[in-house]
Structures are given as structure tokens and as C-alpha cells.
*Asks:* 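Handing you this structure, nothing more for now.
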Amino acid sequence: MSWVFLMMAGIFEMLGVGSINRYNLNKNKTSLFLLFFTFGCSFIFLYLAMKRLPMGVSYAIWTGIGAAGGAILGMLFYGESKDWRRIVFIGIILASVIGLKLIG
């Protein structure tokens, strides 16, 4: 169950990064609520995951999902560059997350 919590933490981290961008574009109460809600959920799930998983692995996977997911959201929804090199390096981050899961 800890790995599920860690994946959920990473997904909420990714959504939190997206909500920061949303808040920067549209400063209203809904955007601010989403920002706090998504990061709050991210930290709660990270806390639950770290009850059983080592800190180093948990943090690396959590930030990897957040960083890669934030970059993907930027490309899909905010018109950020879709350069093939950027996609390759995002793939390397995701491959590293999968590798940590396989050896963990």
C-alpha cells in the first residue's frame, strides 16, 4: 500500500505544480483552494508512504513524478516546448522512478 500512497503523492505533487500555474493566471479563491488542497494531499500521501518506505527512495520518486508530470502538463496545457530532447529527458526521469521501484 505504501507504493500506492507514494504514487498518489506524486500525482498530487504534479497537480499542485499545475495549480500554481493556474493561480498565477487566475488569482481567485478557487485557484488558491486547489493549490492548498493538491499540495496538502501530496504531503499527506508522502507521509503515509514514508511510514514504510525509505526517505531517499520516497523523496526521489515523489519529486521525479512531480517534475516529469509538471513538465508534461506544461507541454499539454500551457504551450510549453515539445522539443524531442525535452521528452527524452522526461523519459529518463520516469525510467529512473521505475528503476527505483524495481530495486526497492
Side-chain angles (χ1 to χ4, degrees):
M1 200 62 190
S2 296
W3 285 102
V4 172
F5 289 148
L6 188 55
M7 293 300 126
M8 293 298 297
I11 290 168
F12 275 108
E13 175 74 8
M14 175 185 71
L15 295 174
V17 170
S19 68
I20 289 173
N21 196 43
R22 176 187 166 130
Y23 183 71
N24 281 330
L25 296 173
N26 187 11
K27 290 184 173 45
N28 60 28
K29 290 179 185 179
T30 303
S31 296
L32 186 62
F33 171 78
L34 284 173
L35 187 139
F36 282 107
F37 176 77
T38 53
F39 278 118
C41 288
S42 178
F43 283 114
I44 289 168
F45 281 116
L46 181 62
Y47 164 77
L48 293 171
M50 288 178 64
K51 285 185 170 187
R52 302 232 184 229
L53 298 174
M55 178 196 65
V57 171
S58 298
Y59 184 72
I61 291 175
W62 177 65
T63 57
I65 294 170
I72 291 168
L73 284 178
M75 288 188 290
L76 293 176
F77 298 109
Y78 298 106
E80 293 181 10
S81 169
K82 295 178 181 87
D83 184 356
W84 68 270
R85 292 169 290 198
R86 189 171 191 208
I87 294 169
V88 166
F89 287 116
I90 291 169
I92 292 170
I93 292 171
L94 295 175
S96 299
V97 167
I98 292 167
L100 285 171
K101 163 68 172 115
L102 292 175
I103 65 168

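Along the sequence shown, residues are numbered consecutively beginning with 1.
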*Asks:* Show me the donor-acceptor pairs, under 3.5 Å and distance only, between side chains in residues 81-92 and residues at least two apart or in other chains.
*Replies:*
unit_1	atom_1	unit_2	atom_2	d
Ser81	OG	Asp83	N	3.2
Lys82	NZ	Met75	O	3.1
Asp83	OD1	Arg85	N	3.3
Asp83	OD2	Arg85	NE	3.1
Asp83	OD2	Arg85	NH2	2.7
Arg86	NH1	Ser81	O	2.9
Arg86	NH2	Glu80	OE1	3.0

*Asks:* More than 12 heavy atoms of other residues, nucleotides or ligands under 6.0 Å from CZ of Phe36: yes or no?
*Replies:*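 Open.
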*Asks:* For residues Met55 and Trp3: do they belong to one hydrophobic cluster (side chain heavy atoms under 4.5 Å, members Ile, Leu, Val, Met, Phe, Trp, Tyr)?
*Replies:*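 They do share one cluster, since a chain of ILVMFWY contacts under 4.5 Å joins Met55 to Trp3.
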*Asks:* Please name all residues satisfying side chain to side chain donor-acceptor pair (under 3.5 Å) with Ser42, sequence neighbours left out, ordered by chain then number.
*Replies:*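 Once residues adjacent in sequence are excluded, the partners of Ser42 under the side chain to side chain donor-acceptor pair (under 3.5 Å) criterion are Glu13, Trp62.
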*Asks:* If you compare all heavy atoms of Ser19 against all heavy atoms of Gly16, which two are closest, and at what distance to 0.1 Å?
*Replies:*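 Answer, listing the atom of Ser19 first, then Gly16: OG-O, 2.7 Å.
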*Asks:* Side chain to side chain contact (heavy atoms under 4.5 Å, CB included), that's the test. Do Ile61 and Met7 meet it? Break it down for me.
*Replies:* CA-CA 8 Å; Ile61 291 175; Met7 293 300 126; 3.8 Å; yes
*Asks:* Once you round to the nearest 0.5 Å, how far does CG of Leu34 lie from CG of Asn26?
*Replies:*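 Those atoms lie 10.5 Å apart.
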*Asks:* Determine, stepwise, if the pair Leu46 / Leu6 fulfils side chain to side chain contact (heavy atoms under 4.5 Å, CB included).
*Replies:* CA-CA 6 Å; Leu46 181 62; Leu6 188 55; 3.9 Å; yes
*Asks:* Measure the shortest side-chain to side-chain distance between Leu73 and Val17 over non-hydrogen atoms and say whether it is less than 4.5 angstrom.
*Replies:*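 When only atoms from C-beta onward are counted, Val17 and Leu73 do not touch, as no gap falls below 4.5 Å.
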*Asks:* Let me check something: do Leu15 and Leu94 share a hydrophobic cluster, defined by ILVMFWY side-chain heavy atoms less than 4.5 Å apart, either directly or through other members?
*Replies:*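 Linked within one cluster.
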*Asks:* Output all residues satisfying side-chain contact (heavy atoms from CB on, under 4.5 Å) with Ile44, sequence neighbours left out; order by chain, then residue number.
*Replies:*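 Partners of Ile44 by the side-chain contact (heavy atoms from CB on, under 4.5 Å) criterion, ordered by chain and then number, come out as Leu48.
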*Asks:* Any pair with a residue in residues 12-33 that passes ring-ring contact (aromatic ring centres under 6.0 Å, His included), sequence neighbours left out, goes on the list, sorted by first then second residue, please.
*Replies:*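 As it turns out, the ring-ring contact (aromatic ring centres under 6.0 Å, His included) pairs with a partner in residues 12-33, which skip direct neighbours, are Phe12-Phe45, Phe33-Phe37.
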*Asks:* So, for Gly64 and Ile93, which heavy atoms are closest and what is the spacing to 0.1 Å?
*Replies:*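 Looking at all heavy atoms of both residues, the closest pair is O-CG2, 3.5 Å.
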*Asks:* Do Met50 and Val97 land in one hydrophobic cluster if side-chain heavy atoms of ILVMFWY residues count as linked below 4.5 Å?
*Replies:*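 Met50 and Val97: one cluster.
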*Asks:* Can you list every pair that meets side chain to side chain donor-acceptor pair (under 3.5 Å) and has a residue in residues 64-74, with sequence neighbours left out?
*Replies:*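 Found none.
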*Asks:* If you look only at pairs with a residue in residues 46-60, which of them pass as a side chain to side chain donor-acceptor pair (under 3.5 Å), with sequence neighbours excluded?
*Replies:*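 Every candidate side chain to side chain donor-acceptor pair (under 3.5 Å) pair involving residues 46-60 fails, so no pair, neighbours aside, qualifies.
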*Asks:* Would Ile20 and Phe39 satisfy side chain to side chain contact (heavy atoms under 4.5 Å, CB included), going step by step from the backbone distance to the final call?
*Replies:* CA-CA 10 Å; Ile20 289 173; Phe39 278 118; 3.6 Å; yes
*Asks:* Nearest 0.5 Å, please: how far is CG in Leu53 from CE in Met1?
*Replies:*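 Interatomic distance, Met1 CE to Leu53 CG, rounded to 0.5 Å: 12.0 Å.
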